[in-house]
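What's counted below: heavy atoms across the whole structure, side chains too, no hydrogens, waters or symmetry copies.
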Amino acid sequence: MNLLPKSSKEFGSVDYWEKFFQQRGKKSFEWYGTYLELCEVLHKYIKPREKVLVIGCGNSELSEQLYDVGYQDIVNIDISEVAIKQMKERNASRRPHMSFLKMDMTQMEFPDATFQVVLDKGTLDAVLTDEEEKTLQQVDRMLAEVGRVLQVGGRYLCISLAQAHVLKKAVGHFSREGWMVRVHQVADSQDHQVFEAEPRFSLPVFAFVMTKFRPVPGSALQIFELCTQEQGKPARLESADRLAEAVRERQHYAWLCSQLRRKAGLGSVSLDLCSGDTGEPRYTLHVVDNPTVKPSRDNHFAIFIIPQGRETEWLFGMDEGRKQLAASAGFRRLVTVALHRGQQYDGMESIQAELSPRVMELAPAGMPPQQQVPFLSVGGDIGVRTVRHQDHSALSGDYVIEDVQGEDRWYFRRLIFLSNRNVVQSEARLLKDVSHRAQKKRKKDRKKERPADTSEDSPPAPGQSIDKSYLCCEHHKAMIAGLALLRNPELLLETPLTLLVVGLGGGSLPLFVHDHFPKSCVDAVEIDPSMLEVATQWFGFSQSDRMKVHIADGLDYITSLAGGEGRPHYDVIMFDVDSKDPTLGMSCPPPAFVDQLFLQKVKSILSREGIFILNLVCRDLELKASVLAGLKAAFPLLYVRRIEGEVNEILFCQLQPEQKLATPELLEMAQALERTLRKPGQAWDDTYVLSDMLKTVKIV
């Protein structure tokens, strides 16, 4: 039997509710949950000796159950004569002190300040079906009557789904009256049903707790609080808008959980779990379904804890990588968990205890009850992340320098812009002896119960801890390999190369060129003076008579060179500069750097046999095609090298089409350059094979 109205407007109709209770008979109707599901919040906000008015009581058992546990001063009203008659008959002998009255809550007959609590379970939701003027006027009368019959210090306790228009109306009305407004989440969507064999609500249930204060003339004080089911104490919020936003977040999470319980394969699903004390993100979760796995008792669901600092790696930080991780783990659903910097974690066991109740809400349909969910990780620990320095740049925003433990116990130093916290802006490997000392220091600090995610007061001396022979970024390795396209690569160490590098970051790219090509002269251009300080203080960078940094906009610097007398002709020009505008489909370089007029200026300062190397990060396929076409128009010879597992593509641009090389010739020249660079006494990373960087190069 379908007992829900065809239109929500029928909820406000007296005739509808008369028919509803006649059809339903004496079977109670528990709107938004039973007493057992609501008793915790009811007992929190209602004292046994207080006088309680229940508006829109219907034939719910809620009042009866409150009465039976000691709340005996209860008056119930409803607009339905059928419901009131049923309730009187049911309670006349068993609950003699509880009364039931047919009464319109918009025109109540009680004297002012009669009650200490007005309890409303779904009635406001039933009346406020839309935002038409007639409906809003009716609700205004209802809420005004609630305020009139409550004593100062009394509470309007309204159980609601907190739909946006309902929350807006209730919060707006009572905050204007100077009341304290609290919204308390009382149940998750999976914990309650409307009634048996009838639809579930996908939204969580909330209690509005509106406390009546004595009016203070001229006072503009407004109090807004949110109490979630995980928190014992409410959180104070700055405005009604922020309260509404917080409620929407809880509703979205509940809806997402309900969708994940019903079906798999929702696509890329991610969410943040925030600290209840600060509201700051503490964990980022990604839900990955693997439809190819055949279900068995033990492979339904697992949680994978990503070690600190490794969340940016392809396997953990990209959709394709997480899919590969899920496939190799062999579970139907894998939830990856990234730990946030700035948060303190006490180890794997405490993380499991903290996450267990929450992640179970993300379990797939069909998972057996009481099933143990395994927590997986790399090496069985949560990794090491030490924040060395935090600061703010006027151009780049907030940033951090952090040391993290990577594979094979190596430690890496990273520059992260917090506006894009999952992207490593610059990275360098620390020398092993420094890593070992840092590790011993961390053990000593842990004995002092010092948090792992803390700042060091003073950095090591510039260059002391950085392995300058190691390039961490794959796109930097490819850019260096591109130097093999210059003539006679075996002679480059003795050739006075001139290079222009736009985009300094941590300085590892120009520093590698400077240290490995002893006759080279490097001009580096960086728009943000803070980055020069970072590179110098934290990444072992230093200027010399062969390497100078120019603090300028790369566009202006190149325009000035191109328009000046005696303009230089660089052998190599490299662009590794990111865009500060996250709305663009191309994050590297900014679009102005590949504008046709600007490319002509770049062309004018490149030597005839030189090479222009560009790091391109573009997710917009149409925009990328346009960029490639523009580059091809300016530079007749164009090679492209895709970085595996990343969006980056390295473009090698030359002016002479007759210089075109087939892949075997390219590899031979790369091998010749590598043999030259691997000279005695020169540190070299044995895992870095230049020819491997050029194997997949294609001509556009």
Requested in this report: Count the heavy atoms belonging to other residues, nucleotides or ligands that lie under 6.0 Å from CZ of Arg242, then report whether that count exceeds 12.
Outcome: yes
Query raised in the report: Hey, what's the ring geometry for Tyr283 with Tyr345, parallel, tilted or perpendicular (30° and 60° as the breaks)?
Result: tilted
Query - Electrostatic pair Glu311-Arg385, nearest N-O below 4.0 angstrom - result: yes
Report task. For Asp528 and Ser393, test the side chains for any donor-to-acceptor distance below 3.5 angstrom and give the result as yes or no. Result -> yes
Query - Donor-acceptor contact below 3.5 Å, side chain Arg333 vs main chain Val288 - result: no
**Report entry** Ser350 side chain vs Gly347 backbone, donor-acceptor pair below 3.5 Å
**Finding:** yes
Query raised in the report: What residues form a side-chain hydrogen bond (donor to acceptor under 3.5 Å, both in side chains) with Asp685, not counting sequence neighbours?
Result: Thr687
Report task. Please report the closest heavy-atom contact between Phe541 and Pro510, naming both atoms and the distance. Result -> CE1-CG, 4.2 Å
Query raised in the report: Side chains of Val269 and His286: closer than 4.5 Å at any heavy-atom pair?
Result: no
**Report entry** Minimum side-chain heavy-atom gap Val594-Met586 below 4.5 Å
**Finding:** yes
**Report entry** Leu260 vs Val287 side-chain heavy atoms within contact, under 4.5 Å
**Finding:** yes
Report task. Please tell me if the side chains of Leu355 and Val337 come closer than 4.5 Å, counting only heavy atoms from C-beta onward. Result -> yes
**Report entry** Donor on one side chain, acceptor on other, Glu361 and Tyr253, under 3.5 Å
**Finding:** yes
Report task. Salt-bridge test for Arg678 and Asp686: reply yes if a basic N is under 4.0 Å from a carboxylate O, no otherwise. Result -> yes
Report task. Step through the shown structure and confirm whether more than 12 heavy atoms of other residues, nucleotides or ligands are within 6.0 Å of CD on Glu313. Result -> yes
Query raised in the report: For the residue pair Phe301 and Met360, what are the closest heavy atoms and their distance?
Result: CE2-SD, 4.3 Å
Query raised in the report: Do the side chain of Lys698 and the main chain of Tyr639 share a donor and acceptor less than 3.5 angstrom apart?
Result: no
Query - Backbone N/O of Ser469 and side chain of Arg429: donor-acceptor pair under 3.5 Å - result: no
**Report entry** Thr284: side-chain hydrogen bond (donor to acceptor under 3.5 Å, both in side chains) partners, not counting sequence neighbours
**Finding:** Asp272, His340
Query raised in the report: Is there a salt bridge (Lys or Arg N to Asp or Glu O under 4.0 Å) between Glu474 and Lys477 once you walk through the steps?
Result: CA-CA 5 Å; Glu474 289 297 305; Lys477 293 180 180 180; 3.4 Å; yes
Query raised in the report: Closest heavy-atom contact between Ala162 and Val247?
Result: CB-CG1, 4.0 Å
**Report entry** Residue from Arg341, Arg414, Gln308 passing side-chain hydrogen bond (donor to acceptor under 3.5 Å, both in side chains) with Glu402
**Finding:** Arg341
Query raised in the report: Would you say the side-chain atoms of Glu526 pair up with the backbone N or O of Leu504, donor to acceptor, closer than 3.5 Å?
Result: yes
Report task. Tell me yes or no: between the side chains of His476 and Asn615, is some donor less than 3.5 Å from an acceptor? Result -> no
Query raised in the report: Are Phe375 and Phe304 close enough that their ring centres sit under 6.0 Å apart?
Result: no
Query raised in the report: Cation over ring, Arg310 on Phe316, under 6.0 Å and within 45°?
Result: no
Report summary line: When rounded to the nearest 0.5 Å, the distance separating CD of Glu249 from CG of Leu226 is 9.0 Å
Report summary line: Leu694 and Ala484 have their tightest heavy-atom pair at CD1-CB, 4.3 Å
Query - Plane angle bin for Phe417 and Tyr399 - parallel if under 30°, tilted between 30 and 60°, otherwise perpendicular - result: perpendicular
Report summary line: Taken to the nearest 0.5 Å, the spacing of Leu430 CG from Ser465 OG works out to 5.0 Å
